[in-house]
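Scroll down for the structure; my scribbles are underneath it.
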Amino acid sequence: MTSSPAPAERAADLRRRIEDANRRYHELDAPSITDAEYDALVRELEALEAAHPELAAPDSPTRRVGAAPSARFAPVVHAVPMLSLGNAFSDEEVADFVRRIAEQLDRPELVFSAEPKLDGLAISLRYEDGAFVRGATRGDGATGEDVTANLRTIADIPQRLAGRGWPPVLEVRGEVYMARAAFERWNEQARLHGGKVLANPRNGAAGSLRQLDPQVTASRPLSFYAYGVGQVEGGSLPDTHSGTLAKLREWGFPVSDLVQVVRGTDGLLGYYRGIGEARDGLPFDIDGVVYKLDDYAGQREMGFVARAPRWAIAHKFPAQEQSTTVEAIEIQIGRTGAATPVARLKPVHVAGVVVTNATLHNADHVARLDVRVGDTVIVRRAGDVIPEVVQVVPEHRPDGTQPWTMPSHCPVCGSELVREEGAAVWRCSGEAACPAQLKETINHFASRRAMDIDGLGDKYVETLVDAGIIRGIADLYGLGRDQLLYLKLVLDAESPEALAGAVQPHLQPGEGSGAALAALLALDGGDEGWRTRALGLPIAFAWNPKKIATRWAENLVAAIEHSRDTTLARFLYALGIQHVGESTAKALAQWFGDLQLVRRLPWPLFKRVPDIGGEVARAIGHFLDQPANQEVIDRLLERGVRIGDAHPPSPKLREGLDLATLLVDLEIPKVTAVRAAQLAAAFADAQALLDAPVHALVTAGLPAESANALVAWLEQEANAALLLRSAQAQAELLALVPHQAGQGAGPLEGKTVVLTGTLAAMSRDEAKEKLEALGAKVAGSVSKKTSFVVAGEAAGSKLAKAGELGIEVWDEARLQAFLAEHA
DNA sequence: ATGCCTCGAGTTCA
DNA sequence: CTCGAGGCAT
């Protein structure tokens with residue numbers, strides 16, 4: 001039973017939490033809750049106090065702006081208090097704000113100055129006779145801290161006012177912030193050379209200003225924007241806010257270019273949307289925009305409420321960060337068996353979507369963050385889309401939690417989880433026997449870039465595997481329409497158990513899904529019966545289930561049929577061999593040309609392909625050495641998978657089909673390229689080497705150490721067999737490799753191209769194919785090796801990087817022209 | 001050995 | 001998209 005607590009209790013609770021947050025925020029620079037949550041608490045308290053005036057204590061946090069300053073810096077009493085702003089989160093609230101002012105001032109149209117609200121630290125700068133004499137933080141609004149020495153290190157802040165006409169006493173208010181790029185650069189350096197890694201630009205700015213040693217502040221990349229004035233004496237200012245900003249600019253202060261004068265609610269909201277769209281591209285973080293009534297006369301007339309002016313308001317963006325609690329930490333098993341911890345979160349809105357999951361990457365990451373079940377964590381959706389856990393809020397940790405540890409066994413199949421030496425990931429040792437891995441293997445096999453079986457989604461794979469209909473990828477090609485139909489009907493039922501239960505009595509023990517389908521269709525007789533079987537069936541389903549499901553099943557059968565025709569590269573990729581992605585699969589296909597050849601090659605020969613080294617070669621060999629995998633390939637071929645692009649091996653293979661190269665590729669301890677060459681010169685072939693007595697090796701010129709290592713290596717039967725097998729495979733290859741060099745090079749031979757942004761006329765994949773057809777290599781990231789970058793609409797960081805490195809950039813038109821010319 | 005440069009693998013949500 | 005790690009050039 002939960003009932004809302006009495007208002008008095010709730011108010012006390014809110015006050016306690018707000019005070020606590022204030023203290024952490026201001027004194028420790030370590031926020032315990034996000035700004036959004038803080039705002040929510042304050043608003044709730046305000047509402048409560050408004051509804052129950054008897055609860056409005058004079059010392060309520062709603063009457064004050066922040067916590068008392070810490071003792072480290074001298075206090076500075078602000079001659080004009082630095083107030084905070086009321087917040088608006090919706091268009092509605094902005095309209096209310098405008099209406100209030102319009103009514104009170106009795107004006108038909110209002111003019112506002114609108115500006116971005118930087119996520120930094122508010123400060124006040126005092127100038128006397130044009131000289132910067134003191135700077136202070138906001139503190140609690142009435143009293144701040146003297147951070148003059150630190151502020152003097154910021155280049156944006158003038159030591160003397162420029163221009164003329166400034167008042168003899170002038171306090172300038174503004175925001176100290178850290179630009180994103182500067183923040184990133186700082187952290188990069190800090191990580192590299194040791195130094196304080198900053199949590200985010202805002203904390204970076206705040207922390208930097210509160211250094212006792214100004215040298216430290218000087219080293220931090222801080223910036224400043226002016227947005228207003230405090231005390232002004234002995235002179236005068238323009239009579240509008242925008243006019244004052246223009247003056248401040250003249251006097252040497254940076255003022256944001258984004259400040260605009262706008263009219264009425266529509267003007268404000270238009271400005272808000274414009275800044276919102278530009279937000280990600282801005283060089284600094286902002287958490288909203290601020291609207292100020294532009295003319296001072298109007299401001300004076302509106303006056304203040306307890307903690308904020310009534311002539312200004314902050315219109316906040318939806319929060320990018322939110323806190324929530326970790327309900328569980330579960331393990332997901334990937335295709336390769338990688339065990340990834342995932343935080344199951346209490347659903348929370350972050351930047352427009354509801355987040356319920358966030359990856360924790362691996363055990364080390366969990367340990368670094370010390371995330372525990374029950375913890376309150378701060379979740380962020382960074383520049384991209386993927387939510388991440390930023391940090392734990394330790395003060396909200398419930399009692400009795402334990403540090404999280406990786407389970408010892410796979411939660412899906414119960415096999416042991418193992419970790420390779422030095423690796424970060426734990427893997428399930430169950431391999432194909434693990435249903436999770438099998439499902440992912442099948443998903444991968446069917447994926448668009450692999451065999452491209454359209455219509456076989458995760459859900460269906462899940463059910464097919466769970467039902468035991470599919471035990472391996474080859475089973476996909478044995479699927480019949482009726483099996484799929486049954487599957488679909490069960491899946492679509494609201495209560496599959498009920499449906500299965502209804503079918504069960506009609507089945508003989510051991511009967512398969514075909515019989516199940518027949519039983520199902522026979523229930524209640526024909527299509528009409530479905531309607532009466534409301535039990536477990538959704539309404540849409542009661543309408544014409546059989547027809548819809550049948551069409552789905554037939555489409556899927558057709559898609560499977562369609563996927564039978566494929567290429568070697570796709571097929572190799574689809575097999576899901578560790579370390580063999582698209583690019584490696586393509587290389588294998590290009591160099592060897594034929595599946596039957598590839599599948600019997602011993603691992604050292606894969607190293608002949610550029611970009612394939614020992615690790616990847618061994619992974620391919622390991623896959624092929626397993627009889628079960630060879631059987632899968634056989635079955636796929638038997639069941640009609642056709643590889644359409646078989647061709648002879650690349651002539652480029654010819655170099656290196658000799659004993660010396662083989663000996664190097666075998667990675668025999670102490671046998672370097674030099675030793676391998678000596679051995680190859682001394683022995684006619686691998687068999688001769690194998691038969692050689694130890695002294696013959698020494699005679700060949702090998703130092704004793706190498707000779708002994710080689711003998712020891714050859715004594716292992718498996719090694720000797722591998723040597724012979726490899727030599728034999730080399731001989732075979734030699735016979736297959738055509739003599740003359742291949743066809744003429746394409747116009748883009750040897751060029752590396754990077755695609756970025758959205759192309760209008762074709763997809764990125766199409767562009768990639770076309771470029772590759774002309775001999776280009778299409779890479780994913782820009783480096784100095786990149787020949788040129790093709791930039792479509794909304795190109796981002798890759799285009800920027802190209803600019804940095806001075807790399808040629810093509811627009812889409814140029815690409816089109818080039819493709820047309822060389823088609 | 002060291003430091004790029006790529007590739008592979010994993011992930012979220014509408 | 002980002003991170004980790006494999007491959008390769010220096």
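Just the heavy atoms: all of them, side chains too, but no hydrogens, waters or symmetry mates, feed the values below. Every chain is numbered from 1 and lettered A, B, ... according to where its sequence line falls, protein lines coming before strand lines. Being a predicted model, the structure only gives us computed values, none of them experimental.
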Open item on the list: For B:dG8 and A:T336 - does any side-chain N or O of the residue sit under 4.0 Å from the phosphate oxygens OP1/OP2?
Closed with: no
Open item on the list: Can you measure A:I333 atom CD1 to B:dA9 atom P for me and round it to whole angstrom units?
Closed with: 16 Å
Task: Atom pair CZ/CD of A:R599 and A:Q630 - distance to nearest 0.5 Å - done: 4.5 Å
Open item on the list: Here's a test of your reading of the structure: between A:G334 and A:V355, which maps to the more 5' nucleotide of DNA chain B?
Closed with: A:G334
Task: Rounded distance (Å) that lies between atom P of C:dG4 and atom NE2 of A:H579 - done: 15 Å
Open item on the list: Please determine whether a side-chain nitrogen or oxygen atom of A:K784 lies at a distance below 4.0 Å from atom OP1 or OP2 of B:dC5.
Closed with: yes
TODO: Measure the spacing between NE2 of A:H579 and CD1 of A:I612 and express it to the nearest 0.5 Å.
DONE: 12.0 Å
Open item on the list: Please give me every residue in residues 609-621 of chain A whose heavy atoms get under 4.0 Å of an atom in DNA chain C, ordered by residue number.
Closed with: A:P610, A:D611, A:I612, A:G613, A:G614, A:E615, A:V616
- [ ] Can you tell me the distance, in whole Å, between the CG atom of A:N362 and the C1' atom of C:dG4?
- [x] 9 Å
Task: A:R449 CZ - B:dA9 P separation (whole Å) - done: 14 Å
Task: Gap between atom NE2 of A:H365 and atom OG1 of A:T340 - 0.5 Å precision - done: 12.5 Å
Task: Residue A:T359, side-chain heavy atoms: nucleotide from B:dC5, B:dT11, B:dC7 that is nearest - done: B:dT11
Task: Any residue meeting salt bridge (charged side-chain N to carboxylate O under 4.0 Å, His left out) with A:R273, in chain and number order, not counting sequence neighbours - done: A:D91
TODO: Look at all strands and tell whether A:V342 reaches a base, only sugar-phosphate, or nothing, counting heavy atoms closer than 4.0 Å.
DONE: sugar-phosphate
Open item on the list: Of the listed nucleotides (B:dA9, B:dC5, B:dT12), which one gets closest to any side-chain atom of A:Q578?
Closed with: B:dA9
Task: Contact under 4.0 Å: A:T356 side-chain N or O vs B:dT12 OP1/OP2 - done: no
Open item on the list: Counting only side-chain nitrogens and oxygens, does A:Q332 get under 4.0 Å of the OP1 or OP2 atom of B:dT11?
Closed with: yes
TODO: Nearest-nucleotide wise, let me know which of A:R335 and A:R344 is further upstream toward the 5' end of DNA chain B.
DONE: A:R335
Open item on the list: Would you compute the distance between atom CD1 of A:I329 and atom CG of A:L360 and round it to the nearest 0.5 angstrom?
Closed with: 5.5 Å
Task: Heavy-atom closest pair, residues A:C428 and A:C413 - done: SG-SG, 3.5 Å
Open item on the list: Taking 4.0 Å as the cut-off, does a side-chain nitrogen or oxygen of A:S583 come that near to OP1 or OP2 on B:dT6?
Closed with: no
Task: Gap between atoms NE2 and P, on A:H444 and B:dA9 respectively (whole Å) - done: 7 Å
- [ ] In whole angstrom, give the distance that lies between atom CH2 of A:W426 and atom P of C:dG4.
- [x] 17 Å
Open item on the list: Check the phosphate of B:dT11 against A:N357, side-chain N and O only, distance under 4.0 Å to OP1 or OP2. Yes or no?
Closed with: no
Task: Distance, rounded to the nearest Å, where A:K586 contributes NZ and B:dC7 contributes C1' - done: 13 Å
Open item on the list: Once you measure the plane-to-plane angle for A:Y460 and A:W552, does it fall in the parallel (<30°), tilted (30-60°) or perpendicular (>60°) bin?
Closed with: tilted
TODO: Kindly check if the number of other-residue, nucleotide or ligand heavy atoms within 6.0 Å of CG (A:D645) is above 12?
DONE: yes
- [ ] Find the distance A:R608:CZ to C:dC8:C1' and express it as a whole number of Å.
- [x] 17 Å
